[in-house]
Q: 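Handing you this structure, nothing more for now.
Starting from 1, each residue takes its place in the sequence as its number. Hydrogens, waters and symmetry mates play no part in the numbers below; they use all other heavy atoms, side chains included.
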Amino acid sequence: MSDQCSDIEKKINFMKEAPAAPPPVISRQESRLESLKKELGTLEAIYLNTQKEVERINSLVEKELVTLYKEAHEVELKRVNTIKGCLQTFTTSLSNTAPAYLEAMRQLIVCVDEIDGDADINKFVESHRELLQMQNDQPSPTSPPQPPPTSPP
């Protein structure tokens, strides 16, 4: 047993004297993987913050759009009601005066239908024929005086 003990002691001493194992060597790929994991974590945080900001902006835009839609609705409603009021005033005004205009138009149409160009010209000529005849018989005031007739020698 002592031989065995001495063998064990030798092995223990050998292990004590043996250099410690070097720390595990991280390969280049493992180092790059760790770097990429850190970068991914950073980018993920940036993405999540950006996503929250986009959601906040979308919420603000939606609220603003609702307000703008309400304002546009009010403006359009006011415009339509203004046009409606103007048309009501216009039609009321026409309905009060239209009968008089309508009767005047009917009488005018009757008079226009009775116009006969040839008959009107003939009537005018006949009524003024005497006046024209009298003008043709009298010398014109602008023409020079006529000398008296002379007898032959």
Side-chain angles (χ1 to χ4, degrees), residues 1-136 140-143:
M1 195 141 144
S2 82
D3 279 337
Q4 283 182 343
C5 283
S6 79
D7 282 338
I8 293 175
E9 282 179 17
K10 286 180 187 178
K11 288 181 183 177
I12 290 175
N13 286 335
F14 177 75
M15 290 188 68
K16 285 182 182 176
E17 293 173 4
V25 176
I26 298 176
S27 72
R28 207 169 170 189
Q29 289 177 345
E30 288 174 340
S31 173
R32 180 74 177 136
L33 179 63
E34 289 300 317
S35 172
L36 290 174
K37 283 181 181 179
K38 287 180 184 177
E39 186 178 345
L40 177 64
T42 303
L43 292 175
E44 186 177 17
I46 291 171
Y47 169 78
L48 291 174
N49 287 338
T50 304
Q51 186 177 14
K52 287 178 185 177
E53 182 67 14
V54 167
E55 288 173 3
R56 185 185 70 77
I57 291 171
N58 278 342
S59 176
L60 290 174
V61 167
E62 286 177 11
K63 289 176 185 176
E64 189 67 25
L65 281 176
V66 168
T67 303
L68 290 174
Y69 287 146
K70 285 179 182 178
E71 288 176 13
H73 177 78
E74 290 171 7
V75 167
E76 284 300 304
L77 184 62
K78 183 177 178 181
R79 183 185 67 83
V80 168
N81 286 334
T82 299
I83 291 171
K84 178 182 177 182
C86 290
L87 289 173
Q88 286 173 333
T89 302
F90 177 70
T91 55
T92 301
S93 173
L94 281 183
S95 67
N96 291 337
T97 58
Y101 285 126
L102 187 59
E103 183 57 33
M105 289 297 117
R106 285 186 187 135
Q107 291 174 4
L108 185 59
I109 289 170
V110 168
C111 291
V112 168
D113 288 343
E114 291 176 358
I115 294 174
D116 179 6
D118 288 332
D120 285 349
I121 291 171
N122 289 336
K123 185 177 178 182
F124 178 81
V125 169
E126 287 300 319
S127 68
H128 292 89
R129 188 176 298 260
E130 283 183 27
L131 182 59
L132 289 172
Q133 188 66 33
M134 288 172 49
Q135 283 181 350
N136 286 338
S140 156
T142 59
S143 63

Q: Check whether any side-chain heavy atom of Val66 lies under 4.5 Å from a side-chain heavy atom of Glu62, and answer yes or no.
A: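 Val66 vs Glu62: side chains apart.
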Q: Check whether any side-chain heavy atom of Tyr69 lies under 4.5 Å from a side-chain heavy atom of His73, and answer yes or no.
A: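 Of all side-chain heavy-atom pairs linking His73 with Tyr69, none is under 4.5 Å.
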Q: Could you work out, with side chain to side chain contact (heavy atoms under 4.5 Å, CB included) as the rule, every residue matching Lys37, not counting sequence neighbours?
A: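 For Lys37, the residues satisfying side chain to side chain contact (heavy atoms under 4.5 Å, CB included) (neighbours in sequence not counted) are Leu33, Glu34.
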Q: With a 4.5 Å heavy-atom cut-off, do Glu71 and Leu68 have their side chains touching?
A: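 Yes, their side chains come closer than 4.5 Å.
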Q: I'd like to know if Glu55 and Lys52 make a salt bridge, using a cut-off of under 4.0 Å between side-chain N and carboxylate O.
A: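 Looking at Lys52 together with Glu55, the answer is no, because their closest N to O distance does not fall below 4.0 Å.
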Q: Applying ring-ring contact (aromatic ring centres under 6.0 Å, His included), name anything that partners Phe124, two or more places apart in sequence or on another chain.
A: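 If we apply the ring-ring contact (aromatic ring centres under 6.0 Å, His included) test to Phe124, skipping adjacent residues, the hits are His128.
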Q: Using a 3.5 Å distance criterion without hydrogens, assess whether the side chain of Ser35 forms a donor-acceptor pair with backbone atoms of Ser31.
A: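 The answer is no, because no donor-acceptor pair under 3.5 Å joins these two groups.
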Q: Return the set of residues passing salt bridge (Lys or Arg N to Asp or Glu O under 4.0 Å) with Glu76 (not counting sequence neighbours), or none when no residue passes.
A: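 For Glu76 the salt bridge (Lys or Arg N to Asp or Glu O under 4.0 Å) partners, ignoring immediate neighbours, are Arg79.
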Q: With rounding to the nearest 0.5 Å, note down the distance linking CG in Asp113 to CG in Leu108.
A: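 Answer for the CG-CG pair, Asp113 versus Leu108, is 9.5 Å.
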Q: Could you pull out all residues at least two apart from Leu36 that satisfy side chain to side chain contact (heavy atoms under 4.5 Å, CB included)?
A: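 Only Arg32, Glu39 meet the side chain to side chain contact (heavy atoms under 4.5 Å, CB included) criterion with Leu36.
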Q: So, do Leu102 and Arg106 sit near enough that their side-chain heavy atoms are less than 4.5 Å apart?
A: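 Touching, per the 4.5 Å side-chain cut-off.
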Q: List for me each residue that meets side chain to side chain contact (heavy atoms under 4.5 Å, CB included) alongside Ile57, sequence neighbours excluded, and say none if there are none.
A: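 Only Glu53, Val61 meet the side chain to side chain contact (heavy atoms under 4.5 Å, CB included) criterion with Ile57.
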Q: Partners of Glu103 by side-chain hydrogen bond (donor to acceptor under 3.5 Å, both in side chains), sequence neighbours excluded?
A: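 Partners of Glu103 by the side-chain hydrogen bond (donor to acceptor under 3.5 Å, both in side chains) criterion, ordered by chain and then number, come out as Gln107.
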Q: Evaluate the salt bridge (charged side-chain N to carboxylate O under 4.0 Å, His left out) criterion for residues Lys123 and Glu126: first the C-alpha distance (whole Å), next the side-chain angles of each, then the deciding distance (0.1 Å), finally the verdict.
A: CA-CA 5 Å; Lys123 185 177 178 182; Glu126 287 300 319; over 6 Å; no
Q: Check each of Val80, Asn81, Val75 against Leu77 using the side chain to side chain contact (heavy atoms under 4.5 Å, CB included) test, and report the only one that passes.
A: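 Considering Val80, Asn81, Val75, a side chain to side chain contact (heavy atoms under 4.5 Å, CB included) with Leu77 is found only for Asn81.
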Q: Could you grab the distance from atom CD of Glu44 to atom OG1 of Thr42, nearest 0.5 Å is fine?
A: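 The CD atom of Glu44 sits 10.0 Å away from the OG1 atom of Thr42.
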Q: Closer than 3.5 angstrom, by distance alone: can the side chain of Ser93 be matched with the main-chain N or O of Thr89 as a donor-acceptor pair?
A: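 Side chain of Ser93 to backbone of Thr89, a donor-acceptor pair under 3.5 Å: no, none is there.
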